[in-house]
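Side chains included, hydrogens not; waters and symmetry mates left out as well; all remaining heavy atoms used. Note that the structure is a prediction, hence the values are computed from the model and not measured. In each ligand, atom 1 is the first atom listed, and ligand 1 is the first ligand listed.
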Amino acid sequence: MLVFVLNAGSSSLKYQLINAETSELKASGIVERIGIDGVLKHVISENKKLTIEAYIPSHKEAIELILETLTHDETKTINSIDEIQAVGHRVAHGGEYFKESTLVTDKVIKKIEELIPLAPLHNPANILGMKICMELMPNVPNVAVFDTAFHQTMPEIHFLFPVPHEDYTEHHLRKYGFHGTSHNYVSKEAIKLLNNKKDSKIIVCHLGNGSSICAVRDGKSINTTMGLTPLGGLMMGTRSGDIDPGIIPYLMDKKGMDTHQIIDYLNKKSGILGVSGISSDLREIIGAANDGDQRAQVTIDMMCNRVKKYICSYSGLLGGADAICFTAGIGENSDLIREKVCENLDFMGIELDKEKNQIRTHGNREINKPTSKTKIFVIPTNEELVIARDTYNLVK
Ligand code: ADP
């Protein structure tokens, strides 16, 4: 079954065309700067890539352009859009209502609309993507796959915030967690690598521009670092992660900031970018640190310490860990970060093999010493494949 996987953002669209039965990736790409100017980058294979720069006024034109590119003579992956048998949508927030992926109906769209206050930037774009696909491909079923769903197994003691309880019951104030499809995929891959061990205890470190860690017991999320919003937890590219909440009124007073300015400050100006003053891209920070920039070094050390803090915390919670998994842009590619994170954790049975850590290969790999009680895995994430498989399972 050919599944078109769509991840719709406010000004960009990421997409993949996947054969869900064979996991074969047929084509992928991204449309950026929708409504500003517009560029489509389309990938058919390693050697066959295409960039189209054109004014793309809206998401509808963007999806039309993608579908045209998939069927156009020179860039053809399919003969007609009728070959697309289902569409899988990444949806940011499913609240407490969506505990798993679901077929999209009018009722489902209405529910996702009701959850907009919890994800004001993402859910509207996701809904737009669904409505456009339903219009352009009226006979094709759509499936919603939620970033929050995997974490719905978290127990109350981990999802409640220590604030007055009526704000949970009346205003849905609780930890939801994100990157659920990634944590789900990576933990399942790890369980396979552990020979399907029963009652497995796994810690997944998804370290990218956005980062989160998840404690997974027996395949189920029991705690994760992001909270009500994706701002909580680890220090990220531009997001602060956990801070003393007293900082907010202090800054509002000192700098005369309003709510929007505070949100912007913590979401877009903090984290790696804020501390380093250089960039949100970790590669640039590592480069600067190698050139002797002190603040870049502090940024790297702060980031790694926070990851380490949560690994230790979740190891305690799980009563030890069978495996620690690294995934996403930083987790998959940076041996330096993996080494720093694992440094001094031998006392807990976490022993990294520095040489294995430095070998760069595609696919899942084990990078711990043979004596290590805890396995250390690098597992490239594949959120789109999870979306395609969930879509297939619901549609078939
Ligand atoms: P997103 O959350 O946007 O999907 P990614 O998972 O692609 O982000 O991760 C992007 C991050 O990965 C960037 O900070 C980038 O610098 C970092 N990254 C990619 N390759 C490397 C590398 N070889 N070494 C260090 N960091 C890397």
Side-chain angles (χ1 to χ4, degrees), residues 5-16 28-33 41 43 90 92 119 121-122 125-126 145 147-148 177-186 204-214 224-226 229-241 267-291 293 296-297 299-304 306-307 325-342 354 357-362 365 367 378-387:
V5 176
L6 190 65
N7 180 0
S10 52
S11 67
S12 72
L13 288 173
K14 285 188 197 156
Y15 61 93
Q16 288 195 359
S28 65
I30 182 167
V31 182
E32 290 172 300
R33 302 176 63 82
K41 291 177 188 150
V43 181
R90 181 179 186 175
L121 295 178
H122 296 99
N126 304 152
V145 180
D147 246 18
T148 47
F178 298 86
H179 291 140
T181 35
S182 177
H183 289 302
N184 183 6
Y185 174 81
V186 173
V204 180
C205 305
H206 178 113
L207 309 178
N209 267 322
S211 299
S212 69
I213 300 190
C214 185
T224 188
T225 54
M226 284 179 169
T229 71
L231 182 55
L234 299 172
M235 171 174 161
M236 307 176 219
T238 59
R239 287 175 240 163
S240 64
N267 270 297
K268 298 194 179 145
K269 300 194 173 128
S270 298
I272 293 174
L273 171 68
V275 177
S276 70
I278 298 171
S279 164
S280 63
D281 191 312
L282 192 71
R283 280 166 294 199
E284 286 187 43
I285 308 307
I286 293 172
N290 287 342
D291 292 340
D293 187 304
Q297 190 57 56
T299 306
I300 295 168
D301 292 346
M302 275 177 73
M303 200 212 106
C304 293
R306 272 148 216 256
V307 176
C325 312
F326 288 96
T327 194
I330 297 170
E332 289 167 30
N333 296 305
S334 179
D335 52 291
L336 173 81
I337 299 301
R338 292 193 299 261
E339 185 175 328
K340 275 189 163 288
V341 165
C342 295
K354 290 187 185 175
N357 182 40
Q358 283 169 8
I359 299 169
R360 291 179 70 93
T361 52
H362 291 298
R365 56 198 193 274
I367 55 169
V378 178
I379 299 179
T381 193
N382 198 338
E383 290 159 286
E384 290 78 12
L385 186 60
V386 175
I387 297 175

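- The protein heavy atom nearest to atom 3 (O) of ligand 1 is Asn209 ND2, 3.1 Å.
- With hydrogens and angles disregarded, a donor-acceptor distance shorter than 3.5 Å links the side chain of Thr224 to the backbone of Ile213.
- Arg338 places a side-chain N or O within 3.5 Å of a backbone atom of Gly331 that can act as its donor or acceptor partner.
- Nearest protein heavy-atom neighbour of atom 6 (O) of ligand 1: Gly329 N, 2.8 Å.
- The nearest protein atom to atom 26 (N) of ligand 1, hydrogens excluded, is given as Arg283 CG, 3.7 Å; this is a heavy-atom distance.
- When the options Ile330, Leu207, Thr327 are ranked by their closest heavy atom to atom 17 (C) of ligand 1, first place goes to Ile330.
- The nearest protein atom to atom 14 (O) of ligand 1, hydrogens excluded, is given as Leu282 N, 3.2 Å; this is a heavy-atom distance.
- Summary of contacts: the protein heavy atom closest to atom 16 (O) of ligand 1 is Asp281 OD1, 2.4 Å.
- Residue Gly210 approaches ligand 1 through these ligand atoms, each under 4.0 Å from one of its heavy atoms: 2 (O).
- Considering only heavy atoms from C-beta on, His206 stays 4.5 Å or farther from Met226 through its side chain.
- Side chains of Thr381 and Ser182: a donor-acceptor N/O pair is present below 3.5 angstrom, by distance only.
- Side-chain N or O atoms of Ser276 include one that pairs as donor or acceptor with a backbone N or O of Ile272 at under 3.5 Å.
- Residues forming a side chain to side chain contact (heavy atoms under 4.5 Å, CB included) with Asn209 (at least two apart in sequence, or on another chain): none.
- Looking at Lys14 and Glu384, no side-chain N of the basic residue comes within less than 4.0 Å of a carboxylate O on the acidic one, giving no salt bridge.
- Ligand 1 does not have Gly237 within reach: every non-hydrogen atom of the residue lies 4.0 Å or more from it.
- In this structure, Met235 and Thr299 have side chains that are in contact, with non-hydrogen atoms separated by less than 4.5 Å.
- With respect to atom 4 (O) of ligand 1, the closest heavy atom belonging to the protein is Lys14 NZ, 4.7 Å.
- Regarding atom 25 (C) of ligand 1, its nearest protein heavy-atom neighbour is Ser334 CB, 3.5 Å.
- Of the polar atoms of Ala328, none of the N or O atoms is found under 3.5 Å from an N or O of ligand 1, judged by distance alone.
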